[in-house]
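Following: one structure in structure tokens, then a few remarks.
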Protein chains: 2
Amino acid sequence: MKSSKDEIFRAARFLFSTKGYHGTTIRDIAKARGILSGSLYAHIESKEDLLYAIVEEGATAFLDALIPISQSDMSALNKLQAALVAHIEVITTHMDGARVFLHEWTALDDEHRQKVLLQRDEYEKLWAQLLQEGIDTGVLKPVNVKYLRLLVLSAGNWVSEWYRSDGPMSPEMIASEFLTILLYGVAE
Amino acid sequence: MKSSKDEIFRAARFLFSTKGYHGTTIRDIAKARGILSGSLYAHIESKEDLLYAIVEEGATAFLDALIPISQSDMSALNKLQAALVAHIEVITTHMDGARVFLHEWTALDDEHRQKVLLQRDEYEKLWAQLLQEGIDTGVLKPVNVKYLRLLVLSAGNWVSEWYRSDGPMSPEMIASEFLTILLYGVAE
DNA sequence: CCTACCGATCGGTAGG
DNA sequence: CCTACCGATCGGTAGG
């Protein structure tokens, strides 16, 4: 059962992802649903509230995917692999939401932005722990964890800039190729 | 000699980078220069023209840094190293312009966007050639060049999201650490 | 969800 | 670079 509210969110997610929050008007969203702009306010509180709901949803999707992996009893290497697959799968299966989370959180008001940054900090902390575990157990070289985390998440996040669901690369293939290069390098 | 026009460009670069093109008003830019919005039009043609000038400047900075490296007679490995350093230096020394180029080109009108995308395509082609040369001369493993280029540039581009000039990492250190991980991997 | 608006702000211009 | 505007559009609301 898709409610009107769901459809409004879907339209807003797509438009915010494509044209940005400030580049999207309330009338754009209404038009995508075939209604007039004033009618939106039966379903939403404000444009900013709509943005926050979408960004929060994105942040939560990343955390919900990583937390069970982080808490599992897999080996450090398997955790790393599972986490990279999960990260790229969140991006590729929720492209619009992930893109809005990654790029449009700057448009949030102070209070909402603070909340989202706390979620992002938690996500980054879990990744740092996971990589540190790999180093501590001797499966990863003793590199600077902050650099490594930045490199992994940088490459992961940028997938949202070029991934196309109708392209030749599946999420699993992307994650697998990235992981192989990261683990073993490209020097012959 | 800094002209008024230079100062307007500087203010616009900063504001577009921080709040986005659509999130920045012509009055924001004027205010940063201590003048009124109408007065801007003695120096610029339109808001969109200002955006294009800044985005084009960013695209050209990346190309101007890469082309001499690409055409030099360095070894493939030295080219790769020099190209990564150059890419990260363009980002870190022109943060605002690079960020506007990387994120705000979507706000350009069709004609300007096409021109910028041609520059981006050329940049990516040079990188692909450079990596292919590494594979052909046997210094890099025969991995999929497209994946590798995406991984390298993804990690490189995302630097624009977290780099702070007052932070602990210099551009050279970032490039060096990234290159070491990419070449030799992190698996122990 | 529509009709019918509102005040505020937008990018931009004419004439100095 | 300012004064003084312009028409268009913005996010949002009252009352059905």
**Report entry** Shortest side-chain distance from H43(A), nucleotide among dC1(C), dC10(D), dG11(C)
**Finding:** dC1(C)

**Report entry** Nearest to side-chain heavy atoms of K47(B), which nucleotide of dC1(D), dG12(D), dG11(C)
**Finding:** dG11(C)

Query raised in the report: Just checking H22(B): base, sugar-phosphate only, or nothing, at a heavy-atom cut-off of under 4.0 Å?
Result: nothing

Query raised in the report: Under 4.0 angstrom, heavy atoms only, what part of the nucleic acid is L36(B) near: base, sugar-phosphate, or nothing?
Result: base

[X] [atom1] - [N] [atom2] separation (whole Å):
| X | N | atom1 | atom2 | result |
| --- | --- | --- | --- | --- |
| Y41(B) | dC5(D) | OH | C1' | 14 Å |
| L15(A) | dC10(D) | CG | C1' | 16 Å |
| I8(B) | dG12(C) | CD1 | P | 14 Å |
| K31(B) | dC10(C) | NZ | P | 11 Å |
| I26(A) | dT9(D) | CD1 | P | 17 Å |
| R33(B) | dC2(D) | CZ | C1' | 16 Å |
| I35(B) | dG11(C) | CD1 | P | 14 Å |
| I29(A) | dC10(D) | CD1 | P | 11 Å |

Query raised in the report: Should the ring pair H87(A) and W127(A) be called parallel, tilted or perpendicular, given that the plane angle runs from 0 to 90° and is split at 30 and 60?
Result: perpendicular

Requested in this report: Return no unless some side-chain N or O of S4(A) is found under 4.0 Å from OP1 or OP2 of dC1(C).
Outcome: yes

Query - Partner nucleotide, any strand, of dG16(C) [Watson-Crick/G-U, under 3.5 Å] - result: dC1(D)

Report task. Tell me the partner of dG7(C), counting only Watson-Crick (N1-N3 plus N6-O4 or O6-N4) or G-U wobble (N1-O2 and O6-N3) with both under 3.5 Å; none if nothing fits. Result -> dC10(D)

Query raised in the report: So, T60(A) versus E56(A): side-chain donor-acceptor pair below 3.5 Å or not?
Result: yes

Query raised in the report: Side chains of Q114(B) and D110(B): donor-acceptor distance under 3.5 Å anywhere?
Result: no

Report task. Establish, for the pair R113(A) and W105(A), whether the NZ or CZ atom is under 6.0 angstrom from the six-membered ring centre and no further than 45 degrees off its axis. Result -> no

Query raised in the report: Could you give the distance from CG (D28(B)) to CZ (R33(B)), rounded to the nearest 0.5 Å?
Result: 14.5 Å

Requested in this report: Using heavy atoms to find the nearest nucleotide of DNA chain C for R27(A) and G34(A) separately, return the residue whose nucleotide is more 5′.
Outcome: G34(A)

